Asker: 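The structure under discussion is supplied below as structure tokens; questions concerning it will follow.
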Amino acid sequence: MIPFLDLKAINAQYRDEMIEACTRVIDSGWYIQGTEVKAFEQEFAEYCGTKHAIGVANGLDALTLTLRAWKELGKLKEGDEVIVPANTYIASILSITENRLVPVLVEPDLATYNLCPKNAEAAITAKTKAILPVHLYGQMADMPAIMDIAKRHGLLVLEDSAQAHGASINGIKAGNWGDASGFSFYPGKNLGALGDAGAVTTSDDELAQTIRALGNYGSHKKYENLYQGVNSRLDEVQAAMLRVKLRHLDTEIAQRRHVAQAYMDGINHVGLTLPLSVGEAPLGLESHVWHLFVIRTEKREALQMHLLEADIQTLIHYPIPPHKQEAYGLWNNITYNITEEIHQKVISLPIGPTLNESMFRKVINIINRFAILKH
């Protein structure tokens, strides 16, 4: 079986380093908000090019706490509108509604799957106060255009960088374009912990201080609570694991790009829509870190079964768009044609830093055999 993502093999590469790091935490006797978290926050901020990285419990909390902090600072209030791509994973939208803000769903660019700047600007109203672009599948949204729109309209920008650790445009990394950014370190991410973990990056001192307090029971100082906060903290063990894996992130990204290029060069395009090639992508090679390699086909079920019969595992990201989920029943009768086409046709192929040449060549050959059989 060629797994969609072999987490065991990925982590096995760094087993000795991770055991050493975990031992260091155990022997320290300090397990919450200690030296490992502080070190990781500094190292990740430096990696992203920001002044601050604030460790939190998960990626959803990273987004939710940032929006909450802007409310506490008077930059947002209940009922304000936040523009967000309609085809994102539901967590992006949950962070908005959790803060009693209003998500304004915008159709993406079908070629990139990311927020369409033209559609985003057309959706701006007097109530719009923020844009939440999502770097979906590891490819950065058009941040130069989005930041230009935000500047002209006086809007906050919160990047959802949960899938794009290490991606960059013009030398500026994901997490350092907007006013703030939320990252997830869920195990399957390009930079993955051994459990749930997340972080916010920002260069805004006041925002960083507020988020840090909100995630620590609303407290800047022990037993003194400025806000009605929550418990959302990155723990020492996960921080230690992430410090190990951050050192290898760029090498893993390079391998992902190698696999992605092989797919684009080798897969027969008949009946399939592949991602934009490097030459076609306006934001360049560095803007995509290939968290997922997603193709579209009218015959998704047949292709998925064809690959499974050859012992190749695939996944669908994501089968049901947010506006069709029961959680947002008021939206169920709304139609977003591009978003629905994406969710009905996409399939994600195996990709990862441990996918070797024999594996990805097999994937290519089996897909090409499907193209010949079905067309």
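None of these values were measured; they are calculated from a predicted model.
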Asker: How would you list all residue pairs meeting salt bridge (charged side-chain N to carboxylate O under 4.0 Å, His left out) that involve residues 251-264, not counting sequence neighbours?
Answerer: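 Sorted pair list: R257-E286.
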Asker: Classify the ring geometry of Y318 against Y89: parallel below 30°, tilted from 30° to 60°, perpendicular beyond 60°.
Answerer: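 Judged by the thresholds at 30° and 60°, the geometry between Y318 and Y89 is tilted.
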Asker: Side chains of H52 and D205: do they bring a donor and an acceptor to under 3.5 Å?
Answerer: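 Checked: H52/D205 side chains pair up, N/O donor to acceptor below 3.5 Å.
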Asker: Rounded at 0.5 Å granularity, tell me how far OG1 in T314 sits from CZ in F4.
Answerer: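 Those atoms lie 8.0 Å apart.
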Asker: Remaining members of Y223's ILVMFWY cluster at a side-chain heavy-atom cut-off under 4.5 Å?
Answerer: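 Direct or chained contacts put Y223 with none.
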Asker: Just how far is it from atom CD1 of I367 to atom CD1 of I267, taken to the nearest 0.5 Å?
Answerer: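 If I round to the nearest 0.5 Å, the distance is 4.0 Å.
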Asker: Determine the minimum heavy-atom distance between V102 and G79, stating which atoms define it.
Answerer: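 Looks like CG2-O, 3.6 Å.
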Asker: Would you kindly confirm whether Y336 and L136 end up in one hydrophobic cluster when ILVMFWY residues are joined by side chain heavy atoms under 4.5 Å apart?
Answerer: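 Linked, Y336 and L136 end up in one cluster.
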Asker: Quick one: do I320 and L315 end up in the same hydrophobic cluster if we chain Ile, Leu, Val, Met, Phe, Trp and Tyr together by side-chain heavy atoms under 4.5 Å apart?
Answerer: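 No, I320 does not connect to L315 through the hydrophobic network.
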Asker: With distance as the sole criterion, is a donor-acceptor pair present between the side chains of K245 and N11 under 3.5 Å?
Answerer: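 On atom types as modelled, these side chains qualify, holding a pair under 3.5 Å.
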Asker: Enter the distance from I169:CD1 to M140:CE here, rounded to the nearest 0.5 Å.
Answerer: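 I169 atom CD1 to M140 atom CE measures 4.0 Å (nearest 0.5 Å).
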Asker: In the hydrophobic clustering (ILVMFWY, side-chain contacts below 4.5 Å, transitive), which residues join I32, or is it alone?
Answerer: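 For I32, no cluster forms, as it stays isolated from other hydrophobic side chains.
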Asker: Quick check on salt bridge (charged side-chain N to carboxylate O under 4.0 Å, His left out): which of E340, E298, E301 does K345 satisfy it with?
Answerer: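 Passing option: E298.
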Asker: Is E159 reaching over with its side chain to a backbone N or O of W177, donor-acceptor style, under 3.5 angstrom?
Answerer: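 The answer is yes, because a donor-acceptor pair under 3.5 Å joins these two groups.
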Asker: If the condition is side chain to side chain contact (heavy atoms under 4.5 Å, CB included), which residues does H291 pass it with, not counting sequence neighbours?
Answerer: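 Partners of H291 by the side chain to side chain contact (heavy atoms under 4.5 Å, CB included) criterion, ordered by chain and then number, come out as Q163, K189, N190.
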Asker: Taking the side chain from T88 and the backbone from P85, do they hold a donor-acceptor pair closer than 3.5 Å?
Answerer: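 No: the side chain of T88 does not pair with the backbone of P85.
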Asker: Should I316 and L272 be regarded as members of a common hydrophobic cluster, given that ILVMFWY residues are connected when their side-chain heavy atoms come within less than 4.5 Å of each other, either directly or indirectly?
Answerer: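 The answer is no; the residues belong to distinct hydrophobic clusters.
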Asker: Are W290 and Y263 linked, directly or through intermediate hydrophobic residues, by side-chain heavy-atom contacts shorter than 4.5 Å (ILVMFWY only)?
Answerer: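 Yes, because Y263 and W290 connect within a single hydrophobic cluster, where side-chain heavy atoms sit under 4.5 Å apart.
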Asker: Can you check whether A167's main-chain N or O pairs, donor with acceptor, with K173's side chain at less than 3.5 Å?
Answerer: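 No, K173 side chain to A167 backbone: no donor-acceptor pair under 3.5 Å.
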Asker: Apart from W30 itself, what residues make up its hydrophobic cluster when side-chain heavy atoms of I, L, V, M, F, W and Y under 4.5 Å apart count as a link, directly or indirectly?
Answerer: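 Besides W30, the hydrophobic cluster comprises nothing; the residue is isolated.
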Asker: Under 3.5 Å, is there a donor-acceptor pair between the T339 and E107 side chains?
Answerer: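 Per modelled atom types, T339 and E107 side chains form a pair under 3.5 Å.
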Asker: Mind telling me whether Y137 and Y113 have parallel, tilted or perpendicular rings, with 30° and 60° as the class edges?
Answerer: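 Ring orientation of Y113 relative to Y137: perpendicular.
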Asker: Using the rule given for salt bridge (charged side-chain N to carboxylate O under 4.0 Å, His left out), can you reason through E36 versus R24, listing the C-alpha separation, both sets of side-chain angles and the distance that settles it, and then say yes or no?
Answerer: CA-CA 9 Å; E36 295 295 334; R24 189 169 64 241; 2.6 Å; yes
Asker: What I want to check is whether the side chains of T354 and D6 have a donor and an acceptor closer together than 3.5 Å.
Answerer: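 Per modelled atom types, T354 and D6 side chains form no pair under 3.5 Å.
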Asker: Is D148 salt-bridged to K151, cutoff N-O under 4.0 Å?
Answerer: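 Result for this pair is no, no salt bridge flagged.
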Asker: Check for me, please, whether L274 and V294 land in the same ILVMFWY cluster - side-chain distances under 4.5 Å, paths through other members count.
Answerer: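 Not linked; separate clusters.
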Asker: With rounding to the nearest 0.5 angstrom, report the CD1 to CG distance, I366 to L303.
Answerer: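 The distance works out to 11.0 Å.
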Asker: I'd like to know if the side chain of D160 and the backbone of A162 have a donor-acceptor N/O pair within less than 3.5 Å.
Answerer: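 Yes.
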Asker: What's in the same ILVMFWY side-chain cluster as Y47, cut-off under 4.5 Å, chained through other members?
Answerer: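 Direct or chained contacts put Y47 with V37, F40, F44, F183, F185, L191, L234, L242, L246, L249, I253, V289.
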Asker: Before you tell me yes or no, could you show the steps for E41 and R212 under salt bridge (charged side-chain N to carboxylate O under 4.0 Å, His left out), namely the whole-Å CA-CA distance, both residues' side-chain angles and the distance that decides it to 0.1 Å?
Answerer: CA-CA 12 Å; E41 288 178 337; R212 193 176 295 283; 3.2 Å; yes
Asker: Is there side-chain contact between Y186 and D196, with at least one heavy-atom pair below 4.5 Å?
Answerer: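 Side chain of Y186 against side chain of D196, heavy atoms only: contact under 4.5 Å found.
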Asker: Check whether H165 reaches the backbone of S184 with its side chain - one donor and one acceptor, N or O, closer than 3.5 Å.
Answerer: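 Between the backbone of S184 and the side chain of H165 there is a qualifying donor-acceptor contact (under 3.5 Å).
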Asker: Is there a donor-acceptor pair closer than 3.5 Å between any side-chain N or O of T50 and the backbone N or O of T201?
Answerer: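 Not a single qualifying donor-acceptor pair exists.
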Asker: How long is the span from the CG atom in N58 to the OG atom in S232, to the nearest 0.5 Å?
Answerer: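 Atom-to-atom, N58:CG and S232:OG are 5.5 Å apart.
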Asker: Can you find a side-chain donor-acceptor pair between N356 and S358 that sits under 3.5 Å?
Answerer: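 On atom types as modelled, these side chains qualify, holding a pair under 3.5 Å.
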Asker: First locate atom CD of E72, then atom CG of L214, and finally report the distance between them rounded to the nearest 0.5 Å.
Answerer: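 That separation rounds to 5.5 Å.
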